[in-house]
Amino acid sequence: MMAIRELKVCLLGDTGVGKSSIVCRFVQDHFDHNISPTIGASFMTKTVPCGNELHKFLIWDTAGQERFHSLAPMYYRGSAAAVIVYDITKQDSFHTLKKWVKELKEHGPENIVMAIAGNKCDLSDIREVPMKDAKEYAESIGAIVVETSAKNAINIEELFQGISRQIPPLETHENGNSGTIKLGKQTAQTTRRCC
Amino acid sequence: MLGLPAAAPVFLGLQRVRMPGWAFPLLRKPSRDLKEATVVAGRGVDRINGIHAPCLIKTDPQPESGRLDDGTFPFSSQWFPDLSAAAGLWDRAPSCASLRALRFPPGGGAAAAAAARLASPTAAGSQKPLQPPLSARGEAAARRSGAGASSEALPARRSCQASHGPARPRLRLQGGPAKPARRAPPPARARGLSRAGLQAARRARTWSLPCAEQGAPRLPAFLPGPERDFLFLSAAADPDGADRAARRGCLRRSAPRGQAAGRGRDKGWPDWAAAPALREEELTGFFPEKMSVLTMETQCLDERGSFFKLIDTIASEIGELKQEMVQTDLLLEDGHTSKQSLEKDMSDVCPDQKDLKSFPRDSGYDSLPNKLSILDKLLHTHPVWLQLGLNDAEAMQVLQAQPPGTFLVRKSTKMQKKVLSLRLPSDFGSCLKEFAIKESTYTFSLEGSGISFADLFRLIAFYCISRDVLPFTLKLPYAITTATTEAELEEVAQQGLNFWSSPVNDRLQNPSPPRKPLPSDCIHKGFQQLCLINGVHSIRTRTPSELECSQTNGALCFINPLFLKVHSQDVGGNLKRLCVRTQDVNGLERSRSPPPRPPPPSIHSLLASPQLSRTVNQASLPETDDHNKHWNLYQLQKKPTPIPPPRLKKKALSLEAESSAKNSGGTRPSCNSVHGPETASIPGGAPPQQNLADSKKSLVAHSESQVLFNGGRQRLSDMSLSTSSSDSLDFDRSMPLFAYDGDTNSSLEEYEGESDQECMAPPLKPKKKRNSSFVLPKIVKSQLRKVSGVFSSFMTPEKRMIKRIAEMSRDKRTYFGCLVQDYVSFLQENKECHVSSTDMLQTIRQFMTQVKSYLSQSSELDPPIESLIPEDQIDVVLEKAMHKSILKPLKGHVEAMLKEFHVADGSWKQLKENLQLVRQRNPQELGVFVPTPDFVDVEKIKVKFMTMQKMYSPEKKVMLLLRVCKLIYTVMENNSGRMYGADDFLPVLTYVIAQCDMLELDAEIEYMMELLDPSLLHGEGGYYLTSAYGALSLIKNFQEEQAARLLCSETRNTLRQWHKRRTTNRTIPSVDDFQNYLRVAFQEVNSGCTGKTLLVRPYITTEDVCRLCAEKFRVDNPDDYSLFLFVDDTWQQLTEDTFPQKIKAELHSRPQPQVFHFVYKRIDSDPYGAVFQNDSHDRVS
């Protein structure tokens, strides 16, 4: 019996970089019975197998506008991972990304898995952020980095697989926020539901 | 050979309801004959349930005559509930289209009409209207179906006749020319028979024919479908899998998406299941003709003509089943199977072979009500066989000495699940075998079996009768089998585990040597005999391998309303009966029922008297109605029990096991208050049947009457998320937006038909009329009532458990009730004890978490929660119960306090001012660049928010918030197909919240944020709650934002703190913190008595308490006062160095709980003053 682990993933990044497109692509690309009926695209879930566990991503989208910046802590609290998205055609969005990383380092949950996604790689001819920059930066902070295209479904799956792999295998998460539930009755752990 | 699984009829009676609506298509009879079949079904479970079904069993001896006997068959609402709520649903459900598509497959109606034409030219022609319409649409549907049904009748009958031998009981069919006329189908349908329609009609006939030829109609199997909560009717008559697949596809389409599937498992009937019953609702009262219309229509829908055969089959199968049960019983009790009596019994089942006139209505059943059913016995004696704490070796030790077939249910540490440990006969090799019990989210089943049950008791009861995957049936100890009164059972139960080694067990076992459990072929043989006599097809037991009869691997699930009807009283009824008995025996004791606590300040009396306490009780439960009064009485009469009960049940159990030689009269940790020693040791006192009957009656009456007002809502409110305008119906009807707090709200969220709904209902009723967009005709309303009465009886174990816990929380004689009541009154009386709103909400949340963990460990719940609720659901159920027992009484107070805090710290004003500012902005200024809700939508959202305010459960509030968000999303997306993320959603949410202009939302959001079960905070509910909180803080800080374009750092800090709090609070402190309350009465000679709940820690001395009292009661000369203990009608002044909490604990733990009060009063006042005469208990002033 596979254990389901709920992982809260927070999406950060400037407005218009395609945060929700990435999620939509990820969630909807494959037909998946486990998708819970959702209210809208700002909260989505998807379950993917990882090793002998099932990872259920609870993906929290945030509003990227500056004025909502102050609300972000509410969204990233208790996250097991953060996907920080920038637009490879917009240098500004890469700056914002650095700000997010800084904030997460300071105020975010400990051991949060950070994944940097350079979106819109289908538009590499008008690229403003070189791949090298992103890679170097990601290395310096120990984050996953990948260039994606939500439009062409490039690297989306890989992005989340990368996160899955980085998640420590057992409930070593901060705050106990991402506990496990057994599908079966082997343990008396309480069920977690998503709403 | 019959393709029917042999055990099928048995579990008709043993399954919980998942889809109550389906019980009726299966068991309902369209004609009177089939009605009787229904009755037979009821009978079928008699032995298991102890139901005395009020109907007779017979089939018409002259099937061709078409004559109706006088319609005296008992036709009660509980047999034929309509799904009244479905009426609303029918009109409004978003999935209506698919519903109709399902019900009237392409050409279906026309096909039916065509068939009618072909078969009986007069059928369609001579029809007349019979009944006022419910609604235009519904009636049209009824008409269509009526036509369909009548037309189906003839082919069906033919096939029936073709396949039945002459000796077989015949079913008379309605719809032939001799029948009373029925309304004509709509002209368009009658005339416009398309080719497709004809083909469909032909197909309809061919569907039934293969079956007829095989003579093997299969019982329709309710298969859990992919959505799990929706049961699909596997086509009984389907000759091949293709048809079935097609049908299933159809059903799947019609199953509503969304939370109805996910969350409302016991209330969310799928639309398509509800729909057939709608017809019923319209037709009720016009049977039998109408009934026939109805069910034939169902048949046309489901089985295309084999329905009658099906029912017929069921009837006879159940007859056989009954034989089986009788046989088993006989074997168990008398040791000899009396063939004669069997035959006699059988003749009752199949009276078609006898003279109808000579057939006495109730023969063979009169004795039943006086007998305890197996289920009853199991419920009473669970302390004996349900030994969750027993380890392998202990179980072995116990069972070794027992005869084969003896069993225990325990929790295996190896497998980490419950197991059924069964003693095997010596020739089986090992003497013990364990059968793992599988717990799905909602059901219990044995590993390897396809049959699942609502709870453990049903599972065991079933396996006492049918072996299924077991090598043989379970065998109850002889002492239990032979017990004829509840008192005897109690006596057995009281011994708990010691029973097995007790002389009672031995002594009784020996004279009647352990009987070999019935081997299956014995039953088999019996069956064949039965079949011969019955003249119906034979039935055979199936081997485990045959059980895999469903396409999906899900368990079969059959529904029997009767069973559930009765069982709904189990938790209550069980308790009640015991109470009654207690009262009987302890005549004197009962007059001294313990007043929960000293009178509230408003009542000028001295110490509480029973009446007073009852008054208080009722006053605190304004929803009390007749039923509840009964309850309160019962509860008051109930024996007070020593508290606290052991908290570590498992430990206690194993201890007990070790000390098996211990005196059986000692305390039995696994047993709860109800089975207190006094209660249980009553020798042979037969329960007062009269009382029992009366109370049952009152229960029934209650369940029927309580529906008065909640009928429609009950169903509607659990509709899946929808943004169609219709989906606000449920809110429209509960529109009153003011004044009704507390209980009003609760009704919205409690589907179980609780008494509190009744009290809130009257004020609602006129509003309902005013606001609801469809007005139900009177006749329908009365039907609604009946129906909900039935529904309320379909309580799932979960709901029963919640109800039980809520009742317990009001009962101060339980430790749990004491905790809750003390805490609630403490909170209500000590407004100053919290420094901030969050502080207050936090403590409440903490308290709930603690009490939850207490309940899950304690043994106060009887039957234990593990036996009713699958383990992974226990926490969920407890959480709901906490809402009900703690948040519900506190809601009003918490709201008032929240507002007070918000006003005090200025956030109320700040929000108010900023709301005005924000409202003046246009959407673009707020960063909104997508379609926004218009005025109508905003109104709708407001209604939802107002409904939200009336809920006490944070979860339900969140559900409403989600609906609001869904609505916003629908508007945003506006069918564009675009997916919007938070970038777009949050501004819109802010805009909408501003437009709603509801200051109360702030408190609502806070309430949810702090009280929601922490495990839910990461999910969708948590997300949107966070968003709403964010939106509100944006609004609150709008001015600052305008100035600085940033939120002040203060807000950020608050958010961070909140996060920290909610995540660190998860370490659970002990429940002890909440035991630290002491209720002290303050007695003044001239002003009477007032009471306060004080925070008194265990090691606070009387001196300190006195000081506290002086302060609280504003006593000027504290030296004149002291703390007294009033117990046993005497006063004791407490010396300064005593510890009141210790005294209280000591008093609580006495075997014979006493009424006691701590009173703060003048030292010099006459302790035997007039106010404390012996009659003080009866005084209410």
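All values below were derived from every heavy atom in this structure, side-chain atoms included, with hydrogens, water molecules and symmetry-related copies excluded. In what follows, chains carry the letters A, B, and so on, assigned in the order in which the sequence lines appear, proteins first and then strands, with residues in each chain numbered from 1. The model shown is predicted, which means the values in this text are computed figures rather than measured ones.
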Output the distance between atom CG (B:Leu986) and atom OG1 (A:Thr15), rounded to the nearest 0.5 Å. 11.5 Å
Indicate yes or no for a side-chain donor-acceptor contact from A:Asp61 to the backbone of B:Gly981 under 3.5 Å, with no hydrogens or angles considered. no
Mind checking side-chain hydrogen bond (donor to acceptor under 3.5 Å, both in side chains) for B:Ser1027 and listing every partner two or more places apart, or none if nothing turns up? A:Tyr75
According to side-chain hydrogen bond (donor to acceptor under 3.5 Å, both in side chains), who are the partners of B:Tyr969, at least two apart in sequence or on a separate chain? A:Ser42
I want to check something: taking the side chain as every heavy atom from C-beta on, are B:Glu1020 and A:Met44 in contact at a cut-off of under 4.5 Å? no
When rounded to the nearest 0.5 Å, the distance separating OG1 of A:Thr62 from CG of B:Asp983 is 7.0 Å
Pair count under 4.5 Å, heavy atoms only, with chain A: among B:Leu926, B:Thr990, B:Ile874, highest is B:Leu926
So, taking the atom named CG in A:Leu7 and the one named NE2 in B:His1018, what distance separates them when rounded to the nearest 0.5 Å? 10.5 Å
Does A:Trp60 reach the side chain of B:Thr1026, with side-chain heavy atoms less than 4.5 Å apart? yes
Taking the side chain as everything from C-beta on, heavy atoms only, tell me whether A:Ile39 gets closer than 4.5 Å to B:Arg963. no
Between A:Phe43 and B:Tyr1023, how do the two ring planes meet: parallel, tilted or perpendicular, split at 30° and 60°? tilted
Rounded distance (nearest 0.5 Å) linking atom OG of B:Ser1015 with atom CD of A:Glu6: 8.5 Å
To check you understand the geometry: which heavy-atom pair defines the closest contact between B:Pro987 and A:Gln65, and what is its length? CG-NE2, 4.0 Å
